[in-house]
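By convention here, the first residue in the shown sequence is residue 1. All values below were derived from every heavy atom in this structure, side-chain atoms included, with hydrogens, water molecules and symmetry-related copies excluded.
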Amino acid sequence: MMQSVFNQPAYLLWLVGGMCCLFLNLLVFEPTITALGIAAIITSIAALSLPSVGLQMMLWGILSVALAIVMRGLVPQSSKALAAPSEARVSVTIPRGGVGEVTYEGTIWSARSQVSDVAIAVGQTVHVVGRQGNTLIVLPAGFVQDRPV
């Protein structure tokens with residue numbers, strides 16, 4: 001049985017290996033498995049005119065690495081926009097309807113309250129809910145708890 005598997009033409013072995021990788025990728029999504037499968041299928045096409053198994057292996061290896069790098073770049077990254085609101089500390093009082101300053105991620109930012117009739121005192125913790133230009137839009141800590149996430 002094993003002897004008959006290795007007596008098959010090289011292009012057929014590459015093709016079956018590539019298809020197995022792509023099928024496995026349907027069960028466990030991993031871009032590297034996809035890259036291995038696509039590289040094997042391309043190598044099966046090249047094996048029709050490239051008789052040396054060593055050259056086929058080298059081609060498959062190079063294609064696998066290149067495609068894995070490309071496929072990793074296509075995987076979506078987690079978005080900061082979907083993260084829970086970030087905290088900042090008020091360093092200059094934010095008056096009602098006005099602009100003050102907050103310390104956010106180690107930097108001082110201009111900030112205004114999203115609720116225009118609320119003043120926020122120095123030292124209070126606020127949640128950053130948006131940004132307009134260089135001004136952060138903040139809410140006092142108590143307002144965010146009622147918001148659905």
Query raised in the report: Going from OG on Ser52 to CG on Leu59, what distance comes out if it is rounded to the nearest 0.5 angstrom?
Result: 11.0 Å

Report summary line: In terms of heavy-atom contacts, Arg112 and Gly98 come closest through CB-O, 3.3 Å

Query raised in the report: Rounded to the nearest 0.5 Å, how far apart are CG of Asn134 and CH2 of Trp109?
Result: 6.0 Å

Report summary line: Heavy-atom closest pair (Ile33 atom, Val28 atom, distance to 0.1 Å) is CD1-O, 4.2 Å

**Report entry** Side chains of Val102 and Ile108 in contact at under 4.5 Å (non-hydrogen atoms)
**Finding:** no

Query raised in the report: Would Met19 and Ile41 count as a side-chain contact (heavy atoms from CB on, under 4.5 Å) if you check the C-alpha gap in whole Å, the side-chain angles of each, and the deciding distance to 0.1 Å?
Result: CA-CA 7 Å; Met19 297 304 272; Ile41 291 171; 3.8 Å; yes

Query - ILVMFWY network linking Leu15 to Tyr11, side-chain heavy atoms under 4.5 angstrom - result: no

Requested in this report: Output yes when a side-chain donor or acceptor of Gln56 lies under 3.5 Å from a complementary backbone atom of Ala46, and no otherwise.
Outcome: no

Query raised in the report: Hey, any chance Val115 and Val126 share a hydrophobic cluster, counting ILVMFWY side chains that come within less than 4.5 Å of each other, even indirectly?
Result: yes

Query raised in the report: Which atom pair, heavy atoms only, marks the closest approach of Ala39 to Ser64?
Result: CB-OG, 3.4 Å

Query raised in the report: What is the distance from atom CG of Leu50 to atom CG of Leu55, rounded to the nearest 0.5 Å?
Result: 5.0 Å

Query raised in the report: Does the Arg72 side chain pair with the main chain of Leu74, one donor and one acceptor, at a distance under 3.5 Å?
Result: no

Query raised in the report: Taking Asn25 for the side chain and Glu30 for the main chain, is one N or O donor matched with an acceptor at less than 3.5 Å?
Result: yes

Query raised in the report: Tell me, which pairs form a ring pair (Phe, Tyr, Trp, His ring centres under 6.0 Å) where one or both residues lie in residues 36-70, sequence neighbours left out?
Result: Trp14-Trp60

Report summary line: All heavy atoms of Ser113 vs all of Pro140, minimum pair found to be OG-CD, 4.4 Å

Query raised in the report: In terms of hydrophobic clusters joined by side-chain contacts under 4.5 Å, are Leu36 and Leu13 together?
Result: no

Report summary line: All heavy atoms of Ala141 vs all of His127, minimum pair found to be CA-CD2, 3.5 Å

Requested in this report: With rounding to the nearest 0.5 Å, note down the distance linking CZ in Arg89 to OH in Tyr104.
Outcome: 15.0 Å

Query raised in the report: Distance from Ser110 atom OG to Glu101 atom CD, nearest 0.5 Å?
Result: 5.5 Å

Query - Donor-acceptor pair, side chain of Thr93 and main chain of Pro95, under 3.5 angstrom - result: no

Query - Spacing of CG belonging to Leu22 relative to CD1 belonging to Ile38, to within rounding of 0.5 Å - result: 6.0 Å

**Report entry** Contact summary for Ala111 and Val138, nearest pair of heavy atoms
**Finding:** CB-CG1, 4.2 Å

Query raised in the report: Backbone N or O of Leu136 within a donor-acceptor pair of the Arg131 side chain at under 3.5 Å?
Result: no

